[in-house]
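In what follows, chains carry the letters A, B, and so on, assigned in the order in which the sequence lines appear, proteins first and then strands, with residues in each chain numbered from 1.
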Number of protein chains: 2
Amino acid sequence: MEVRTRLNRERVLLAAVSLADGEGLDALSMRRLAQHLGVVPMALYKHVANKEQLLDGMVEVLVAEIDPPLVGTDWRTAVRARVLAARRVLRRHPWARPVLETRVVVTPAVLGYLDQTIAMFRAGGFSDDLTHHVMHALGSRAWGFTQELFDTPTPPPEDPAVLVALAHAFPNVAAVAAASSHDSSAVDGGCDDQAEFEFALDLMLDGFARMHAQGWTSRPG
Amino acid sequence: MEVRTRLNRERVLLAAVSLADGEGLDALSMRRLAQHLGVVPMALYKHVANKEQLLDGMVEVLVAEIDPPLVGTDWRTAVRARVLAARRVLRRHPWARPVLETRVVVTPAVLGYLDQTIAMFRAGGFSDDLTHHVMHALGSRAWGFTQELFDTPTPPPEDPAVLVALAHAFPNVAAVAAASSHDSSAVDGGCDDQAEFEFALDLMLDGFARMHAQGWTSRPG
DNA sequence: GTCCCGAGGTGTACTGCGTACACCTGTCGT
DNA sequence: ACGACAGGTGTACGCAGTACACCTCGGGAC
């Protein structure tokens with residue numbers, strides 16, 4: 001179509017991100033990506049080794065979008081802000097979660113992010129031992145997402161009779177679901193993801209603070 | 001080969017589980033599954049609607065393997081035991097985590113599991129409100145797994161020079177990794193997944209207990 | 001005993017995927 | 001002016017999931 005500037009790794013990665021943003025992860029095939037770039041599929045392989053490395057590269061782009069760490073605050077504020085910053089990025093790019101979940105090699109960009117997060121705990125006086133456990137406990141929450149029990153929160157069935165039957169078969173689920181839809185923060189019977197996320201995050205941060213204060217050690221001698 | 005008994009949904013699901021157990025999730029294609037059953041691929045579609053529902057069915061099989069809930073104990077013991085029971089099942093079936101992560105509809109089997117777990121909190125006197133938040137906070141941990149930051153714990157590079165360079169570039173990661181490999185519970189420089197899991201689980205259960213004791217409510221009025 | 005009907009198994013075919021491999025082409029250092 | 005080589009091309013292969021038309025039995029109704 002237009003004047004086709006030379007391809008390069010960055011152009012490929014940005015196009016991939018934009019395609020995944022716009023049309024979803026399923027639409028991101030090497031073929032479709034090439035088409036978007038006005039190029040033949042195999043041309044991409046001159047810039048990324050394979051699809052796996054394309055996805056790795058997309059994660060690089062992602063990480064670069066996360067706001068830089070706060071400086072000059074206590075560990076808790078810093079960690080909380082950083083995690084929520086990561087979360088904002090992930091929410092802008094819905095494809096990011098499944099992609100992160102399936103990464104298998106740790107790229108330097110990812111290592112850099114982890115390093116900065118770890119640095120916050122260490123700067124806050126956490127022992128390396130405790131920091132290690134704490135990072136594991138955070139798990140994917142350090143990226144700003146949680147694996148929910150299920151993605152779609154039980155699409156309400158058309159037939160009210162079905163709903164009644166469900167409520168009968170699973171009374172506890174029903175009761176709790178009812179409680180959550182009375183919640184003021186919820187929009188329409190669903191629940192507020194952000195509030196749930198922060199609830200759990202603060203729960204963990206509280207726990208971390210307490211253990212830190214008590215001089216916790218993995219060797220309970 | 002042998003006398004081919006009639007196919008049915010259960011035989012298909014069990015064969016799928018066994019194939020995934022033995023050869024990994026990647027090897028589980030409709031074609032290969034059919035082959036294992038001595039049948040043509042399209043025959044499977046008489047018993048499951050499509051691959052997605054095959055995977056849903058495999059989760060049913062999984063859930064059925066989880067030990068039944070303890071009765072007559074406090075909520076904390078019951079929840080802890082149940083989650084660890086789920087974890088044992090998941091560890092027997094490495095394919096289960098990625099499959100659970102990608103499920104999109106909630107089948108009755110899954111709802112049943114959730115219902116039982118929710119019941120434990122409610123029986124322990126948790127408000128429906130708190131129970132709701134607590135279940136979200138548990139997230140995938142209720143299934144006995146956590147999304148780790150990355151799967152393979154940084155395969156140690158052959159070249160020691162690379163390792164030194166990495167340690168230089170990411171000093172905090174390096175320090176914490178070093179601390180974890182001194183840990184007695186770790187085997188060979190890696191870290192003990194089970195210990196990390198229980199650490200985080202107990203952290204959350206502690207938090208839950210504290211909030212419950214304080215009569216926590218989502219309306220901080 | 002005959003017949004038919006429907007559940008269950010078959011065969012063929014389509015689209016789309018990732019990517020190997022051989023090839024062409026335009027640019028730049030000499 | 002030329003050769004090398006980075007970057008774009010074309011063709012092809014194997015594997016996926018699955019639509020659709022077909023065949024084949026085994027068992028109930030008469």
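Considering only side-chain atoms of B:His47, the nucleotide from C:dG11, C:dG8, D:dG8 that sits closest is C:dG8. Here the side chain of B:Met42 is nearest to one of D:dC20, D:dG8, D:dT11, namely D:dC20.
With hydrogens and angles disregarded, no donor-acceptor distance shorter than 3.5 Å links the side chain of B:His136 to the backbone of B:His132. Of the possible polar contacts, one joining the A:Asp115 side chain to the B:Val173 backbone as a donor-acceptor pair under 3.5 Å is found. Between the side chain of A:Ser140 and the backbone N or O of A:Phe145, at least one donor-acceptor pair lies under 3.5 Å.
We find that CG of B:Leu44 is positioned 14 Å from C1' of D:dA16, with the value rounded to whole Å. If you take OH of B:Tyr45 and C1' of C:dG9, they are 15 Å apart, rounded to a whole angstrom. In this structure, B:Arg6 places its CZ atom 15 Å from P of C:dG6, rounding to the nearest Å. Whole-Å rounding puts the A:Gln35 CD to C:dC17 P distance at 9 Å. Atom pair B:Arg9:CZ and C:dA7:P shows a separation of 18 Å (rounding to whole Å applied). Taking atom CZ on A:Arg32 and atom P on C:dG16, their separation rounds to 10 Å, with Å as the unit.
In this structure, the side chain to side chain contact (heavy atoms under 4.5 Å, CB included) partners of B:Pro41, at least two apart in sequence or on a different chain, are B:Arg31, B:Ala34. In terms of the side chain to side chain contact (heavy atoms under 4.5 Å, CB included) criterion, residue partners of B:His93 (sequence neighbours excluded) are, by chain and number, B:Val17, B:Asp21, B:Leu62, B:Glu65, B:Val89, B:Trp95, B:Ala96. Not counting sequence neighbours, B:Asp26 has no partner by the side chain to side chain contact (heavy atoms under 4.5 Å, CB included) test.
Non-hydrogen atoms lying under 4.0 Å from DNA chain C are contributed by A:Ser29, A:Met30, A:Arg31, all within residues 23-31 of chain A. Interface residues of residues 49-62 of chain B facing DNA chain D, ordered by number: B:Asn50, B:Lys51; criterion, heavy-atom separation under 4.0 Å.
Using a 4.0 Å cut-off between charged side-chain N and carboxylate O, A:Arg87 and A:Glu198 make no salt bridge. Comment: A:Arg97 does not engage B:Glu101 in a salt bridge, judged by the lack of any side-chain N to carboxylate O separation of less than 4.0 angstrom. Between A:Arg88 and A:Asp67 there is a salt bridge, since at least one side-chain N of the basic residue sits less than 4.0 Å from a carboxylate O of the acidic one.
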Output one line per pair: protein atom, nucleotide atom from nucleotides 22-24 of chain D, and distance, for all N/O pairs under 3.5 Å.
none

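Among all heavy-atom pairs drawn from A:Arg141 and A:Ala200, the shortest one is NH1-CB, 3.0 Å.
Between the CZ atom in B:Arg103 and the CG atom in B:Asp56 there is a gap of 5.0 Å [rounded to 0.5 Å].
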